[in-house]
Amino acid sequence: MKSTQVRAVCPHDCPDTCALLVTVQDGVATEIKGDPEHPPTGGVLCTKVARYLERTYHPERLLYPLRRVGKKGEGKFERISWDDALTAIATRLKCISSRAPEAILPYSYCGTMGLVQGESMSSRFFHQLGASLLDRTICASAGATGYRYTIGASVGTDLEQFQNSKLILIWGANPIASNLHFWTRAQEAKRRGARLIAIDPYRSLTAEKCHQHIALLPGTDAALALGMMHVLIAEDLVDHDYIARYSLGFEALKQRAAEWPPERAADLCGISVTEVVDLACVFGHTAKDGHPVSIRTNYGVQRVRGGGMAVRTIACLPALIGAWRHPAGGILLSSSGSFPINHGALQRPDLRMRQPRTINMSTIGDDLLRDSSPAFGPKVEAVIVYNSNPLAIAPDSAKVARGFAREDLFTVVLEHFQTDTVDYADIVLPATTQLEHVDAHAAYGHLYMMANNAAIAPMGEAKANTEVFRLLAERMGFDNPCFKESDEALAAQAFNARDARAIHLDWEALKQKGWQKLRVVDAPFAEGGFPTASGKCEFYSAAMAEDGLDPLPTHIAPYESLASNPMLAAKYPLAMLSPPARNFLNSTFVNVKSLRSLEGEPQLDMHPDDGAARGIVDGAMVRIFNDRGSFVAKARLTSKARVGVVIGLSVWWKKLARDGKNANEVTSQRLTDMGRAPTFYDTLVQVETLAA
């Protein structure tokens, strides 16, 4: 048998963006493993991607176009030809666009992080069409906005430096489940004598393995950071030279921090004063002794009302103690801003004849139920979904389902499997997986440009996203030459090779090697040079003031908590978090049986005291509910959850849950303080034993 090895990339929404080696024998992928030469991957894959072949060759792969024959939501379809599918789609879109092109809405996110399959030909198609724009907020926009006000861009500590840190705060992150290769570095730092401290309302797998776990209340991260600032300044544990040279607004910050003695912060966070003081002291003294201090924060922090401000406040801490002086010091939220991506060349916004409206993907439930109005514009008449599963992942799920159930809504879904969203589609188009197409990748957890080569031919009649939108463009009569560009040509445009960070880039060479590190300095802000307007870390942000926000770090109370809404808390006294289950990635991999069997079924972690107060025993089926809806899970009584907080590991396909629902039945469509992002972790519920 003829055997070859193909260089590929993990496409999923994860900071690690692993380099893959795919073994192919006679056109069939037989093995997938991590590239041992790629420094971030180091030859190791997570449990999910190690089973990627199970997903690619899954017996339930969608391999042919389908047309709905039952009611929306029933999931009944008949096979049709590509010609029939494209004709049906183009006919409907032409009819709508002739009257109101903004009544057509694309809905996509990070089902693939690829720059070619994720944003190139699809964006060109919708720009030429004049469709509504989609504000892609559902994961990172609040934190990215707060971080940008402070640091200037999504840049930070290099992943490959963390093992040299002496103290690592893992803040609102569970890297064992969602950032494995950072965790490998943190473990190496631990072996070298570093102290690891987890800050998280939940004692996650990561928190269990750190030296200390600080279990603050959800939505109080900014209060803890402000309490730390108070102690750092009062105890003179700040780096005055770094502050004077490379920061802006310290005197104003000093006054703000004075309002946050550790007693106030501790009370709001639901932790002890000692925890606040000791955290600040170990943070400040470690830096004062000349050792690298770093923070790895993640997007869990920002999924509350004040989430953007929380990230902004935490991002001020490294500059206060001069942590940026060291390559292994500072903070990392995302490295995505390090990449010189040619978004304009890929997406071609110049194709738009005018500026259309923007619809927020996080409020899709409300927006699909709106009628035409001067404020909103035309009613949404068609949705084209790709790289996403909104019926499972969008908040306030009952409204999302009602919106997609509209008989007058034309829905097209590009997918690998019959997801919850596919059940509501009028036309289903089979999409290729990562092993079946070409792509180029940046990363948000390391600094390597990546190339994905197609390892196998498309299965069945599956087509790449790019090919689908090329064919639709042809049916719509779009004759701009940009719609004829091949995937290889698109991939070659993905990075700006004139930028100093990527000037060494050659697409053909990148395909051969699979990856190439950006040319960046080891310590990005050792001597200032922040990508803010001032060139400094902005403790005081004039841009925030101009945008109507508090220009200084502050705490913004959650929408739903005992402290901010006691009347609601009297009715629904438990705060609910819904972080990723270890063996799922958002709603991806839920239908892979070997992975789903590891999770068992939807579970709710709750403290034994909360269980006892409700007569709930370990293993009991419980109903979790509030005014928005309810879902069912198996109770797991554990001290991993602090009193007053329950954890519903997510995101389950609704059709694979016992009651056909998941945690997003109870989450809200309310948005964050900045970045217009969802507030998944700003949710109060009650829990009761499920009636027999």
Participant: So does Ser587 get a backbone contact from the side chain of Trp653, meaning a donor-acceptor N/O pair under 3.5 Å?
Facilitator: yes
Participant: Under the 3.5 angstrom rule, does the side chain of Asp16 hit a backbone N or O of His181 as a donor-acceptor pair?
Facilitator: yes
Participant: Go through the steps to decide whether Asp135 and Arg357 satisfy the test salt bridge (charged side-chain N to carboxylate O under 4.0 Å, His left out), and finish with yes or no.
Facilitator: CA-CA 10 Å; Asp135 199 2; Arg357 69 176 174 190; over 6 Å; no
Participant: Between Ile364 and Ala394, which heavy-atom pair has the shortest distance, and what is it?
Facilitator: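 Residues Ile364 and Ala394, closest heavy atoms: CG2-CB, 3.9 Å.
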Participant: Please answer whether the main-chain N or O of Leu333 pairs with a side-chain N or O of Arg296 as donor and acceptor at a distance below 3.5 Å.
Facilitator: yes
Participant: Hydrogens and angles aside, do Glu119 and His343 bring a side-chain donor and acceptor to less than 3.5 Å of each other?
Facilitator: yes
Participant: Report yes or no: does Asn465 contribute a side-chain atom to a donor-acceptor pair with the main-chain N or O of Gln117 at less than 3.5 Å?
Facilitator: yes
Participant: Please report the closest heavy-atom contact between Trp82 and Glu461, naming both atoms and the distance.
Facilitator: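 Minimum heavy-atom contact is NE1-O, 2.9 Å.
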Participant: Whether Arg136 engages the ring of Tyr109 as a cation-pi pair (distance to the six-membered ring centre under 6.0 angstrom, angle to the ring normal within 45°) should be assessed.
Facilitator: no
Participant: Whether the side chain of Gln302 engages the backbone of Gly308 through a donor-acceptor N/O pair (distance < 3.5 Å, no angle test) should be reported.
Facilitator: no
Participant: Grab the two heavy atoms, one from Gly118 and one from Asn387, that are nearest each other, plus how far apart they are.
Facilitator: CA-ND2, 3.8 Å
Participant: Side chains of Arg55 and His416 only: does a donor on one sit below 3.5 Å from an acceptor on the other?
Facilitator: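 There is such a pair between these side chains.
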Participant: Could you tell me the separation between the CD atom of Glu415 and the CG atom of Leu429, rounded to the nearest 0.5 Å?
Facilitator: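 Result: 11.0 Å between the selected atoms.
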Participant: For the atom pair OH (Tyr444) and CG (Leu159), what is the distance rounded to the nearest 0.5 Å?
Facilitator: 13.0 Å
Participant: Using the ring of each side chain (for Trp, its six-membered ring), is Tyr386 parallel, tilted or perpendicular to Phe469, with breaks at 30° and 60°?
Facilitator: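 If you compare the ring of Tyr386 with that of Phe469, the planes turn out perpendicular.
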Participant: Quick one: does NZ or CZ of Arg501 land under 6.0 Å from the six-membered ring centre of Phe339, within 45 degrees of the ring axis?
Facilitator: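 Verdict for Phe339: no cation-pi partner in Arg501.
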Participant: What are the two closest non-hydrogen atoms of Asp439 and Gly114, and how far apart are they?
Facilitator: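 Result for this residue pair: OD2-CA, 3.2 Å.
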Participant: Between CE of Met353 and CG of Asp350, what distance do you get to the nearest 0.5 Å?
Facilitator: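 Rounded to the nearest 0.5 Å, the CE-CG separation comes to 11.5 Å.
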Participant: Walk me through it: do Phe584 and Phe589 pass the test ring-ring contact (aromatic ring centres under 6.0 Å, His included)?
Facilitator: CA-CA 5 Å; Phe584 304 156; Phe589 297 104; 8.7 Å; no
Participant: Rounded to the nearest 0.5 Å, what's the gap from OG1 on Thr466 to CZ on Arg124? Could you check?
Facilitator: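 Output value for this atom pair is 10.5 Å.
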Participant: So, are Arg596 and Glu599 salt-bridged, with charged N and O less than 4.0 Å apart?
Facilitator: no
Participant: Just by modelled atom types, is the Ser362 backbone N or O under 3.5 Å from a matching donor or acceptor in the Asn360 side chain?
Facilitator: yes
Participant: Is Asp35 reaching over with its side chain to a backbone N or O of Glu37, donor-acceptor style, under 3.5 angstrom?
Facilitator: yes
Participant: List the steps and the verdict of salt bridge (charged side-chain N to carboxylate O under 4.0 Å, His left out) for Glu54 and Lys593.
Facilitator: CA-CA 9 Å; Glu54 291 183 43; Lys593 291 182 180 179; over 6 Å; no
Participant: Can Thr421 and Asn389 be said to form a side-chain hydrogen bond (donor to acceptor under 3.5 Å, both in side chains), step by step?
Facilitator: CA-CA 6 Å; Thr421 303; Asn389 183 12; 2.6 Å; yes
Participant: Which word best sums up how the rings of Phe478 and Phe483 line up, parallel for under 30°, tilted for 30 to 60°, or perpendicular for over 60°?
Facilitator: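 Correct class here is tilted.
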Participant: Going by side-chain hydrogen bond (donor to acceptor under 3.5 Å, both in side chains), Asn452 matches just one of Gln434, His441, Arg7. Which one?
Facilitator: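 For Asn452, the side-chain hydrogen bond (donor to acceptor under 3.5 Å, both in side chains) test succeeds with only one of Gln434, His441, Arg7, which is Gln434.
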Participant: Using every non-hydrogen atom in the two residues, find where Gly156 and Tyr147 come nearest and quote the distance to one decimal.
Facilitator: CA-OH, 4.0 Å
Participant: Please determine whether a side-chain nitrogen of the Lys or Arg among Asp158 and Lys517 lies less than 4.0 Å from a carboxylate oxygen of the Asp or Glu.
Facilitator: yes
Participant: Ring-plane angle category for His38 and Trp515, please: parallel below 30°, perpendicular beyond 60°, tilted otherwise.
Facilitator: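 Correct class here is tilted.
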Participant: Can you check whether Gly34's main-chain N or O pairs, donor with acceptor, with Thr41's side chain at less than 3.5 Å?
Facilitator: no
Participant: Would one find more than 12 heavy atoms of other residues, nucleotides or ligands at under 6.0 Å from atom CZ of Arg498?
Facilitator: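 No, CZ of Arg498 has 12 or fewer neighbouring heavy atoms, counting only those of other groups under 6.0 Å.
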Participant: Please check: side-chain N/O of Thr137 versus main-chain N/O of Arg676, any donor-acceptor pairing under 3.5 Å?
Facilitator: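 Checked: pair present.
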Participant: Verify, without hydrogens or angle tests, whether Lys94 (side chain) and Ile89 (backbone) share a donor-acceptor contact under 3.5 angstrom.
Facilitator: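 No: the side chain of Lys94 does not pair with the backbone of Ile89.
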Participant: Using distance alone, with no hydrogens and no angle criterion, decide if Gln25 and Glu31 have a side-chain donor and acceptor under 3.5 Å apart.
Facilitator: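 Side chains of Gln25 and Glu31: no pair found under 3.5 Å.
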Participant: At their closest point, which heavy atom of Ala88 faces which heavy atom of Ile427, and how far apart are they?
Facilitator: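 The answer is CB-CD1, 4.3 Å.
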Participant: Should the heavy atoms of other residues, nucleotides or ligands under 6.0 Å from CD of Gln512 be counted, would the total exceed 12?
Facilitator: no
